[in-house]
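Values reported hereafter were calculated over all heavy atoms of this structure, with side chains retained and with hydrogens, waters and symmetry mates removed. Protein chains get the first letters and strands the later ones, always in sequence-line order, with residue 1 at the start of each.
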Amino acid sequence: MSETIRESAGVASAGPPADVELRSVGPCQYEIACRAGTGMRVPARIFADEELLGQIRRDRSISQLVNVTTLPGIVDAALGMPDMHEGYGFPVGGVAATRLPDGAISPGGIGFDINCGVRLLVSDLRGEDVTPSLEALVHEMSRSVPAGYGRHGRLALTRDEMDRVLGDGCPYLVREHGLGRPEELALIESGGVIAGADPSQVSERAKRRGEDQLGTLGGGNHFIEVQVVDAIFDERAARAFRLFSGQVTVLVHTGSRGLGHQVCTDHVKLMDEALHRYGITVPDRQLACVPFSSPEGRSYFGAMCAAMNFAFCNRQVIAQRARDVFRRVLHDRPGAELRLVYDVAHNTAKVERHGDRTLCVHRKGATRAFGPSSGEIPAAYRGVGQPVLIPGSMGTASYVLAGTDEADALSFSSTCHGAGRAMSRGAAKRRVQGHVLRKELLARGIVVRCPSNQELAEEAPLAYKDVDRVVDVVHRAGIARKVARLRPIGVVKG
DNA sequence: ATGTCC
């Protein structure tokens, strides 16, 4: 058997996606009923409008979401976000909560890029203040943050340092390496350290892959953007997040690189071999899972949390580099100091209380979005909601949203994670030439640094759904609230 | 997403 299980067979009863009956059950909500004899344990529910639903139906993601409803211990419903598309076993843009202690944990429900996520930094400068320095900012950023597939960084972690990164996350980098400010730790999801991390469950191979990757961006849709706030939708929330119209911001979108990928690969294989011992059958081998409380479940959860810490640290290092570049290029000009607004993950599984239940909430391409009354968000944002950071596709807008209290019941406090692919990488390459796209972006005033024209073409805006529409849907559905839109002026890509 | 097939 190959290490990554590639065969994938959907539930026969789910039928071709285009034929699945979707019933409107609320504002921007559609449901596939739980049907007897199909193995479904709960309904599947999708947040979308007609247009996005049409796009979602074009791939196998709806069948995959129906498969997710068969996971042991799943509660309420398997949820699809409006940016949903096909993924490994489980759709990207999918949420599944299983009841603890014995509900399932499935690596496919988190994804290969464990703790892929987003960090937002803001300056006190306005767009026109940086325009003359924009080329230099983007250029220096591309020099100090290695970008692109397979790239390695300038930090080489010893094995002890790696274990501290994996076990202790951002507080370790701040307190023992001076990388970042102590007061900013509270502005990272879970304080930048997941308590359940167990570095001893991360394979040597995974640690080796990660040892020179801290502070690197990676490829695909990962990016660092210099942006300008071009719309404010909620003045009060924007003030709380310290955002203003015309302001220059920096958004970092990356994850756990080869280390997280290897953790996923290792544990999918282990679970594929183990699940029969727990009497579990899944409609697709890519949905391999075990009870959360089993040895294999604890091992994966410990390793996955450690990979989450690695990703938080990766964004921490990159943010420090961006901060240094801003200081240097803008000659310590007042206002050039980058401040952290928030850092949030969108590929995770977390143990959370929802109502009176303790659940393992799988979010794959779905952002945690806690509401104003949550006790687990920074004090500065109580009464407003957690900042929810939504990276758009290259050259298009990104969004800052705020979590809502209603999302607890609607989506286990989860929302979308971005535009979501509408076209495969291959299809995008056939439709777009990288060097043409580069010129088009430049003509729109966007400076791009990307080592590969091919990778650029794969990330063309036409390969993605319309992020404005995706965000409108989550706003209308009540699972997040629009706060501000960010327009890119400089992009560093893999 | 990913040392893009150990």
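Between Asp163(A) and Lys207(A), at least one side-chain nitrogen of the basic residue sits less than 4.0 Å from a carboxylate oxygen of the acidic one, meeting the salt-bridge criterion. Electrostatic pairing of Asp83(A) and Lys465(A) does not count as a salt bridge here, judged by no charged N lying under 4.0 Å from a carboxylate O.
Looking at heavy-atom distances under 4.0 Å, Gln213(A) makes contact with sugar-phosphate atoms alone, never a base. Among the atoms of the strands shown, none is found under 4.0 Å from any heavy atom of Gly87(A). At a threshold of 4.0 angstrom between heavy atoms, the contacts of His222(A) are confined to the sugar-phosphate backbone, with no base atom among them. Residue Gly258(A) is in sugar-phosphate contact alone, with no base atom involved, counting any heavy-atom pair closer than 4.0 Å across all strands shown. Here Gly220(A) lies in heavy-atom contact (under 4.0 Å) with sugar-phosphate atoms only.
If Glu455(A) and Asp113(A) are placed on DNA chain B by their nearest nucleotide, the residue sitting closer to the 5' end is Asp113(A).
The side chain to side chain contact (heavy atoms under 4.5 Å, CB included) test applied to Ser203(A) returns Arg205(A), Ala206(A), Gln262(A), Asp266(A), not counting sequence neighbours.
As rounded to whole Å, 14 Å separates atom C1' of dT4(B) from atom CD of Gln262(A). In this structure, CG of Asp212(A) is placed 13 Å from P of dT2(B), rounded to the nearest angstrom. The CZ-P distance, from Arg205(A) to dT2(B), rounds to 16 Å in whole Å. One atom, NZ of Lys269(A), and another, C1' of dC6(B), lie 12 Å apart when rounded to the nearest Å. dT4(B) atom C1' lies 9 Å from atom CZ of Arg425(A), rounded to whole Å. The CZ atom of Arg151(A) sits 15 Å away from the P atom of dT4(B) (whole-angstrom rounding). The CZ-P distance, from Phe310(A) to dT2(B), rounds to 11 Å in whole Å. Rounded to an integer number of Å, the gap from CD of Glu459(A) to P of dT4(B) is 17 Å.
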Sequence neighbours excluded and cut-off under 3.5 Å, please list the side-chain donor-acceptor pairs for residues 153-161 of chain A, or say none.
residue   : atom : partner   : partner atom : Å
Arg154(A) : NH2  : Arg143(A) : O            : 2.9
Thr158(A) : OG1  : Glu161(A) : N            : 3.0
Thr158(A) : OG1  : Glu161(A) : OE1          : 3.4
Arg159(A) : NH1  : Glu204(A) : OE1          : 2.2
Arg159(A) : NH1  : Glu204(A) : OE2          : 3.4
Arg159(A) : NH2  : Glu211(A) : OE1          : 3.3
Glu161(A) : OE1  : Thr158(A) : N            : 3.0

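Atom OG in Ser413(A) sits 11.5 Å away from atom NZ in Lys350(A) (nearest 0.5 Å).
Regarding contacts with the backbone of dT2(B), a side-chain N or O of Arg257(A) is found under 4.0 angstrom from either OP1 or OP2.
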